[in-house]
Amino acid sequence: MVKNSTIALFDVDGTLTLPRKVATQEMLDFLQELRKVVVVGVVGGSDLSKISEQLGKSTITDYDYVFSENGLVAYKDGKLVGNTSLKSFLGDDKLKEFINFTLHYIADLDIPIKRGTFIEFRSGMLNVSPIGRNCSQEERDEFERFDKVAKVRETMVSVLRGKFAHFDLTFSIGGQISFDVFPRGWDKTYCLQYVEKEFTEIHFFGDKTFKGGNDFEIFSSSKTIGHTVTSPEDTIQQCKALFF
């Protein structure tokens, strides 16, 4: 295997770290060892600051490629190479219509607890959380268990998909408490434009690879070799088997 012909792309939550937790030193050391064998990239739905909280403050210089917000904000060798704006695509009127409806929907939701920051505006997407992103880790865990039974996010996505079908949006459930909203085609496959001509093999590792999960599109793309992982430890084991 020739390093410069192969890239390994990694989701963050559930793949390199436990959900919203900081990567272990074992994982950080392993990724640097892996860089000696293949090119390494990180692709997450969160903005760069959240990814950096999980992978270290010098994230963009620790990896060959870093794609935040599914690659709408892209870095190569520590330098910004792409930045796509949701506002310029939808415009303020459509954004306001969507945000107003979504907040009204959340206001009427009967769930055990609600906190704050129900919609987070990112450069290339909206992140919607029925419980609110200001909840504690304990409350995150509790909501995740509740949502697996009540299917709050799944139902909400179904309603929004129907209501705003004319906006041509994609809804992607990921993590424990939220889902992402972005124009069709702005899922994690968006980042592939920066690597598909550079590498003969593009491996992707993610935990939410099922249909509706935020890793599904890139996992199932004909441009990638997809790998489903169950934990950070599983990620390391699969990479060792593949690349070492």
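Residue numbers count from 1 along this sequence. Side-chain atoms are counted along with the backbone in the values below, which use heavy atoms only and exclude waters and symmetry mates. What you see is a predicted model, and the numbers here were worked out from it, not measured in a lab.
- A salt bridge between E69 and R122 is absent, with no side-chain N of the basic residue lying under 4.0 Å from a carboxylate O of the acidic one.
- Between K240 and E33 there is no side-chain heavy-atom pair separated by less than 4.5 Å.
- Considering every non-hydrogen atom in both G71 and Y194, the closest pair reads O-CE1, 3.8 Å.
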task: Would you check, one step at a time, whether the test side-chain contact (heavy atoms from CB on, under 4.5 Å) holds for V37 with F244?
output: CA-CA 8 Å; V37 182; F244 290 93; 3.6 Å; yes

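- Annotation: side chain of F143 is in contact with side chain of P130 (closest heavy-atom distance under 4.5 Å).
- The shortest side-chain heavy-atom distance between L55 and L16 falls under the 4.5 Å cut-off.
- Here the side chain of E139 pairs a donor or acceptor atom with the backbone of S136 at under 3.5 angstrom.
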field: Verdict with reasoning, V42 to V12, per side-chain contact (heavy atoms from CB on, under 4.5 Å)
entry: CA-CA 7 Å; V42 176; V12 181; 3.5 Å; yes

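- Side-chain atoms of S221 and T189 include no donor-acceptor pair closer than 3.5 Å.
- Ring pair Y65/F67: centre-to-centre distance below 6.0 Å.
- Taking CD from E120 and CG from L126, the interatomic distance works out to 10.0 Å, rounded to the nearest 0.5 Å.
- Linking ILVMFWY side-chain heavy atoms closer than 4.5 Å, directly or via other members, places I218 and Y190 in two distinct hydrophobic clusters.
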Salt bridge (Lys or Arg N to Asp or Glu O under 4.0 Å) between R35 and D64, worked out: CA-CA 8 Å; R35 289 183 72 193; D64 303 293; 3.0 Å; yes

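- Between the CZ atom in F205 and the CG atom in D11 there is a gap of 12.0 Å [rounded to 0.5 Å].
- Taking every heavy atom of both residues into account, F118 and I131 meet most closely at CE2-O, 3.5 Å.
- Residues F98 and L169 meet the side-chain proximity criterion, which asks for heavy atoms closer than 4.5 Å.
- A donor-acceptor pair is defined here as one N or O able to donate and one able to accept, closer than 3.5 Å; such a pair exists between the side chain of T59 and the backbone of G56.
- Both L160 and M125 are part of a single hydrophobic cluster, where members link through side-chain heavy atoms under 4.5 Å apart.
- Looking only at distances, a side-chain donor or acceptor of K114 sits under 3.5 Å from a matching main-chain atom of L109.
- Ion pairing between a basic and an acidic side chain is recognised when a charged N comes within 4.0 Å of a carboxylate O; D215 and K188 show such pairing.
- Side-chain contact check for D62 and Q32: no donor-acceptor pair (N or O, by modelled atom type) lies under 3.5 Å.
- Looking only at atom types and distance, the side chain of S172 has no donor-acceptor partner in the side chain of D180 under 3.5 Å away.
- Cation-pi check for K94 over F167 is met; the charged atom lies under 6.0 angstrom from the ring centroid and within 45 degrees of its normal.
- When the side chains of ILVMFWY residues are joined at heavy-atom separations under 4.5 Å, either directly or via intervening members, V43 and F216 end up in two distinct hydrophobic clusters.
- The backbone N or O of G206 sits nowhere less than 3.5 Å from a side-chain atom of T209 that would complete a donor-acceptor pair.
- Counted by atom type alone, D187 and T170 present zero donor-acceptor pairs between their side chains at under 3.5 Å.
- With a 4.5 Å cut-off on side-chain heavy atoms, I177 and C135 count as touching.
- In the hydrophobic clustering of ILVMFWY residues, with side-chain heavy atoms under 4.5 Å counting as a link, I51 and F121 come out apart.
- Note: F164 and F101 meet the aromatic proximity criterion, with ring centroids under 6.0 Å apart.
- Residues L72 and S123 have side chains not in contact (no heavy-atom distance under 4.5 Å, counting atoms from C-beta outward).
- If you take CG on D207 and CG on D13, they are separated by 7.5 Å, rounding to the nearest 0.5 Å.
- Side chain to side chain, Q176 and E142 fail the donor-acceptor criterion of an N or O pair below 3.5 Å.
- Rounding to the nearest 0.5 angstrom, the gap separating the CZ atom in R153 from the OG atom in S129 is 8.0 Å.
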- request: Just do the ring-ring contact (aromatic ring centres under 6.0 Å, His included) check on F219 and H227 with the steps written out, would you?
  value: CA-CA 7 Å; F219 167 81; H227 306 274; 8.2 Å; no

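- In this structure, F204 and I7 have side chains that are not in contact, with every pair of non-hydrogen atoms separated by 4.5 Å or more.
- Atom CG in N70 sits 8.5 Å away from atom CD in E217 (nearest 0.5 Å).
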Verdict with supporting geometry, F179 and M156, side-chain contact (heavy atoms from CB on, under 4.5 Å): CA-CA 10 Å; F179 58 89; M156 188 174 179; 3.8 Å; yes

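- V40 and I225 are not part of a single hydrophobic cluster, where members link through side-chain heavy atoms under 4.5 Å apart.
- Remark: E26 CD is loosely packed, at most 12 non-hydrogen atoms of other residues, nucleotides or ligands lying under 6.0 Å away.
- Atom CG of N100 is separated from atom CD1 of I119 by 8.5 Å, given to the nearest 0.5 angstrom.
- Minimum heavy-atom separation, E201 to H203: OE1-NE2, 2.8 Å.
- At most 12 heavy atoms of other shown residues, nucleotides or ligands fall within 6.0 angstrom of atom NE2 in H104.
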task: Let me see the working for S68 and V73 under side-chain contact (heavy atoms from CB on, under 4.5 Å), right down to the final yes or no.
output: CA-CA 5 Å; S68 62; V73 182; 3.3 Å; yes

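- Between K148 and K151, the shortest heavy-atom contact is O-NZ, 3.8 Å.
- Between T235 and Q238, the closest side-chain pair of non-hydrogen atoms is not below 4.5 Å.
- Nearest heavy atom pair, residue G124 against residue W186, reads O-CE3, 3.4 Å.
- Here the shortest heavy-atom pairing between T61 and G78 reads CG2-CA, 4.4 Å.
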